[in-house]
Structure formats: structure tokens, C-alpha cells
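Residues: numbered from 1 along the sequence shown. One-based numbering, in listed order, for ligands and for the atoms of each.
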Amino acid sequence: MSPDGSARSPRHPAWADVDDASWNDWRWQLRNRVTTLAQLESLIDVTDAERRGITGRHDFSFAVTPYYFSLIGGPDCPVRRQAIPLEDELRAAPGDMRDPLAEDEHRPVSILTHRYPDRALLYVTHNCPVYCRHCTRSRKVGDEASAPARSEFEAAYDYLRRTPAVRDVLVSGGDPLSLSDARLVDIVAQLRAIDSVEIIRLCTRNPVTLPQRITPALVEALRPFAPLFVHTHFNHPTECTPEAARALGLLADGGLVLGNQMVLLRGVNDDADTVATLGRWLLRHRCRPYYMFQCDPVQGTGHLRTPIRTGLQILDQLRGRVSGLAIPQYAVDLPGGGGKVTLVPDRAVSHEGPRRVFRDASGELFTYVDAAD
Ligand code: SF4
């Protein structure tokens with residue numbers, strides 16, 4: 001509990017004496033991130049695999065906020081596995097690609113990816129509070145050289161004005177909530193001023209890695225631009241803290257529509273109990289489990305990827321056990337820019353004439369007599 005009686009998650013002893021005002025200040029959290037091996041060694045028992053991962057990986061930054069770091073446990077901890085590099089990142093795996101979704105190939109302007117007729121993705125920053133080890137854009141996030149310039153924003157807005165087929169813009173990065181309130185609001189306002197843009201989505205992991213970033217001031221500043229959709233990225237129940245719950249509550253109270261995009265990761269969330277627990281918590285906090293993504297085959301993630309069979313088994317075990325509202329769509333984003341395919345477990349057993357036989361969650365068989373053509 002904090003001194004004012006509100007619930008809070010435990011802090012690592014290194015930050016036990018930090019006053020609450022500093023701890024709850026998102027800028028303090030960013031200034032005090034763990035970014036070096038020396039810092040890490042002073043905080044936890046670093047494994048050899050982690051040490052080799054940190055010293056060997058030069059193309060993708062490592063940074064963890066004190067808040068998210070305080071959730072870390074032993075070497076197999078699901079939060080640790082997402083935040084601390086492992087030596088496995090240095091090994092190539094079959095299917096690895098640098099830009100698996102071919103985002104860079106489909107850029108009419110430097111910071112805008114336009115792959116599908118009605119949707120576009122706007123890359124607004126290279127910064128994130130935590131650099132997730134499974135990030136699809138590890139080729140550019142954390143890299144100063146990929147920071148967008150003002151002139152690039154103007155070119156992107158101009159393209160969207162000239163391309164009314166784009167009705168849905170995903171504001172992404174990096175994490176758009178790494179920007180100041182004023183900068184973020186300016187981007188949203190520019191998009192909202194384009195008549196053909198109907199849907200604006202903010203893709204952010206801040207509610208997970210830096211929930212202090214969700215302030216009443218930010219929510220009030222965004223409120224006039226409704227409808228605004230927020231895609232969060234919770235992957236494990238350990239991330240479901242009182243601080244994260246408060247962040248989701250603020251966003252939902254501010255009229256933002258919340259959905260979660262989980263990435264299926266080996267040793268993190270690759271079992272039905274974990275996905276069910278996460279889904280129930282999200283729903284209780286007004287965030288709909290939207291997608292369970294197959295991990296993209298991005299370089300350095302071979303050790304985190306699961307077989308597609310695992311995702312199908314998880315869905316099969318969830319169906320009938322938890323509310324359908326808590327079950328995300330299982331999607332594979334096709335390498336090379338083919339778009340998403342959603343997969344479902346096959347419950348059809350046989351059919352003869354109009355009689356179709358299906359199995360339920362327990363394996364019991366049921367017959368449905370189909371309508372005539
Ligand atoms: S917050 Fe998103 S963009 Fe940033 S490192 Fe994590 S997955 Fe990548």
C-alpha cells in the first residue's frame with residue numbers, strides 16, 4: 001500500500017526510498033531506466049546467458065523502467081524474459097527476417113506504411129519505455145537515426161489528405177506515449193482534421209511498462225478527439241498490477257476504447273491458464289482481449305516463438321472454459337506483407353449429407369442438421 005492507502009505493486013529494494021511523487025512521475029521513471037549491464041549486475045543475479053545477450057547484441061537497445069523492473073523475478077520470470085536480452089537473441093532461426101511484415105517496402109512516405117487499402121501505420125517515435133525482446137520493429141526502435149522529423153510528419157499528413165481510401169490510422173512507433181502530451185495531441189488533432197480518417201488507434205505498451213504515463217491530464221487532452229481506440233500489449237498476468245488497472249480505468253473513463261494485443265511467447269504465456277487469467281483481468285478492467293498474435297519471425301526471437309499448434313491448442317482449451325469475450329482472435333501476420341490470417345481450432349469431426357458432427361470442449365460429439373442449399 002502507498003501512504004495514501006492506494007494499492008501498489010512491490011518495488012525492488014534499490015528504489016524503496018524513492019518518494020512516491022518521483023516514483024509516480026513518468027519522466028522520473030524514464031530518467032532512471034536500467035540500461036547497462038553494470039546497473040543490472042547491481043540489481044539482480046545476472047545469468048551467463050543474459051550477460052552474453054547484453055554484451056553481444058548491438059543492434060537493439062536494452063532498457064527497463066524501475067516500475068517494470070520491480071516485477072522481475074528469477075531467470076524464468078515471464079517479465080524478465082520479455083525485458084532482458086538472452087544469448088539466444090544472437091542465434092539465427094529458420095524463417096528469421098529483419099522486417100517480417102515488409103513495412104519498409106510499403107512506405108509512400110518515410111514514416112507511413114500503407115499496405116492495405118483502408119489502413120495506414122504512422123511511425124511517430126523511435127522511443128519506448130522498455131524495449132521488448134520480441135519487438136517486430138527491433139530493426140528501428142531505440143535507434144536515434146529512425147526518429148521522425150517534423151517535415152516527415154507534414155509529408156505523411158499530406159499523403160493522407162490525398163488518399164481518402166485510408167480511413168483507419170494506427171499511431172505507432174516505438175511507443176507514441178513516449179511523446180509529450182502536447183506533441184501527441186498535435187498528431188491526433190492533425191489526423192482528426194482529415195475528413196476521410198475515421199478511426200485513429202494509439203498502439204501503446206505504456207499501460208504495461210510505464211502506467212504512470214497515463215495521467216488525468218493526458219486523458220483529458222485526448223478526450224475531444226473521440227472516437228479514439230487504444231491497443232494495449234499485456235502479455236502476462238504478472239503485468240496486471242494495481243498501477244496498470246488504474247491506467248486502464250483512467251483511459252476507459254476518458255472514453256477511449258480499449259483492446260489488448262497479446263503476443264504468444266514461449267516460456268511467457270504459451271499455456272491456456274495464463275491466457276485465460278490475463279483475459280479475465282483485462283475484461284474486468286474494460287479492455288477487450290483482441291488479438292493473440294503468433295510471434296513474428298523477426299531476427300533474435302527464435303527462442304521466443306512457439307509452434308502454431310500451441311496457439312490452436314490454447315484456443316481449443318479456452319473455448320467453453322471462459323467467456324467468449326475473454327478469448328482473443330489468434331492471428332498470424334503473414335511474412336512479406338500478406339496481412340493477417342486468423343486461425344481457429346477445427347471442431348468439425350465429420351459430415352454426411354446434411355448431418356454435421358462436431359466435438360465440444362470435452363470431446364463429446366454433437367450433430368447439427370444443416371439447412372438445405
Ligand atoms: S513497446 Fe512496442 S514498439 Fe516498443 S519495443 Fe515493445 S513491442 Fe516494440
Listed partners of Arg31 passing salt bridge (Lys or Arg N to Asp or Glu O under 4.0 Å), at least two apart
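Listed in chain order: nothing, the list is empty.
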
So, for atom 5 (S) of ligand 1, does the protein have a heavy atom nearer than 4.0 Å?
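Under 4.0 Å from atom 5 (S) of ligand 1, at least one protein heavy atom found.
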
Which protein N, O or S atoms lie under 2.8 Å from atom 4 (Fe) of ligand 1?
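Metal shell, protein only: Cys128 SG.
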
Salt-bridged, Arg286 to Asp253, with N to O below 4.0 Å?
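The answer is yes: the pair qualifies as a salt bridge.
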
Salt bridge check: are Asp118 and Arg167 linked by an N-O gap of less than 4.0 Å?
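Arg167 and Asp118: not salt-bridged.
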
Ring geometry between His285 and Trp281 (parallel below 30°, tilted from 30 to 60°, perpendicular above 60°):
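If you compare the ring of Trp281 with that of His285, the planes turn out tilted.
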
Could you see if Val185 belongs to whatever hydrophobic cluster contains Tyr157? Use Ile, Leu, Val, Met, Phe, Trp, Tyr and a side-chain cutoff under 4.5 Å.
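As far as the 4.5 Å side-chain criterion goes, Tyr157 and Val185 are connected within one cluster.
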
Treating Ile, Leu, Val, Met, Phe, Trp and Tyr as nodes and any side-chain heavy-atom pair under 4.5 angstrom as an edge, say whether Trp28 and Val64 lie in one connected cluster.
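Yes.
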
